[in-house]
Amino acid sequence: GQQLNQSPQSMFIQEGEDVSMNCTSSSIFNTWLWYKQDPGEGPVLLIALYKAGELTSNGRLTAQFGITRKDSFLNISASIPSDVGIYFCAGRTWNSGNTPLVFGKGTRLSVIA
Amino acid sequence: NAGVMQNPRHLVRRRGQEARLRCSPMKGHSHVYWYRQLPEEGLKFMVYLQKENIIDESGMPKERFSAEFPKEGPSILRIQQVVRGDSAAYFCASSPNFWGRGGYTFGSGTRLTVV
């Protein structure tokens, strides 16, 4: 089946630092999504990408849909304590029929004040 | 609350009992997806349903697990004769159509503990 490789698995950073995480797939994707999960809650959509090369921002977050359609990255600038959580990439392949979204294993972000 | 509603939030079952997890999708959403999350793991797709139909159940174990989304009422994920390995967080998500432009909207999950 489809697999998403998300890295890094975890990060410990100082408040104010920038963060970068990425996701790669073995298949060509036509949709890339980035979600954040707070402890004890469900994932919340942060950014959605639909075209190769697309670069989209949401406040301090920026995500890009890779030109090869097989990767995506998420950047967080000037991290703050509430950025703590698990960030998941998710995507769907080009000709996946009715196959729903597949998720990466997540990047666990810890911010040290 | 117009979001995806899941209940119960926490469920404790003894081995061998049945667990029933409920999910009411967002208003206007007719596509429901169930995912399972084990500790320190990502979200694993289980089943995709549209009203009264199972569209894709490729991620759901063939035994003990079943799902439905009746014409009226919430979607139900049922686990019969639960075992310790079923302990996990189960998330439901919904979208207005399959392509779900804008992604899926997730509920807060049901955390199942089997003792």
Side-chain angles (χ1 to χ4, degrees), chain A residues 1-10 21 23-25 29-51 54 56 58 63 65 72 74 85-110, chain B residues 1 3-10 21 23-26 29-50 53-60 67 88-111 113:
Chain A
Q2 301 166 25
Q3 286 190 334
L4 290 184
N5 295 309
Q6 191 171 348
S7 65
Q9 287 188 336
S10 60
M21 59 192 79
C23 207
T24 60
S25 123
F29 273 28
N30 68 343
T31 301
W32 281 101
L33 305 168
W34 285 92
Y35 283 83
K36 183 194 177 196
Q37 183 180 28
D38 290 326
E41 296 296 329
V44 173
L45 183 66
L46 299 173
I47 292 180
L49 303 158
Y50 302 104
K51 291 195 311 186
E54 182 179 354
T56 298
N58 178 6
F65 192 140
S72 177
L74 174 70
I86 306 175
Y87 291 81
F88 291 103
C89 61
R92 185 185 289 121
T93 56
W94 187 253
N95 290 312
S96 58
N98 284 332
T99 305
L101 289 175
V102 61
F103 282 77
K105 289 194 173 183
T107 293
R108 284 149 185 79
L109 179 64
S110 299
Chain B
N1 186 340
V4 177
M5 303 300 294
Q6 287 189 252
N7 65 81
R9 286 294 301 268
H10 299 275
L21 288 62
C23 169
S24 295
M26 278 188 70
H29 287 193
S30 59
H31 297 247
V32 166
Y33 315 83
W34 286 92
Y35 285 81
R36 177 164 63 176
Q37 184 178 34
L38 293 169
E40 306 301 313
E41 291 286 328
L43 295 153
K44 297 285 189 187
F45 166 73
M46 297 182 73
V47 61
Y48 160 39
L49 309 104
Q50 217 180 333
N53 292 304
I54 295 175
I55 307 301
D56 183 344
E57 56 184 346
S58 58
M60 197 158 67
Y90 292 83
F91 289 97
C92 168
S94 71
S95 67
N97 49 57
F98 168 67
W99 289 110
R101 192 172 179 92
Y104 301 165
T105 302
F106 280 84
S108 295
T110 293
R111 280 141 192 87
T113 302

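In what follows, every chain begins at residue 1, and chains take the letters A, B, ... in the order their sequences are listed.
In this structure, chain B has no heavy atom under 4.5 Å from any part of A:Q9. For B:Q6, no part lies under 4.5 angstrom from a heavy atom of chain A.
Using a 4.5 Å heavy-atom threshold, the side chains of A:V102 and A:F29 count as touching. Two residues are said to be in side-chain contact when any heavy atoms from C-beta on lie closer than 4.5 Å; B:C23 and B:Y90 fail this criterion.
In the displayed structure, A:K36 atom NZ is contacted under 6.0 Å by more than 12 heavy atoms of other residues, nucleotides or ligands.
No other option in A:G42, A:G106, A:S10, A:P43 has as many heavy-atom pairs under 4.5 Å with chain B as A:P43.
Ring geometry, B:Y35 versus B:F45: the interplanar angle exceeds 60°, so the pair is classed perpendicular (tilted spans 30 to 60°).
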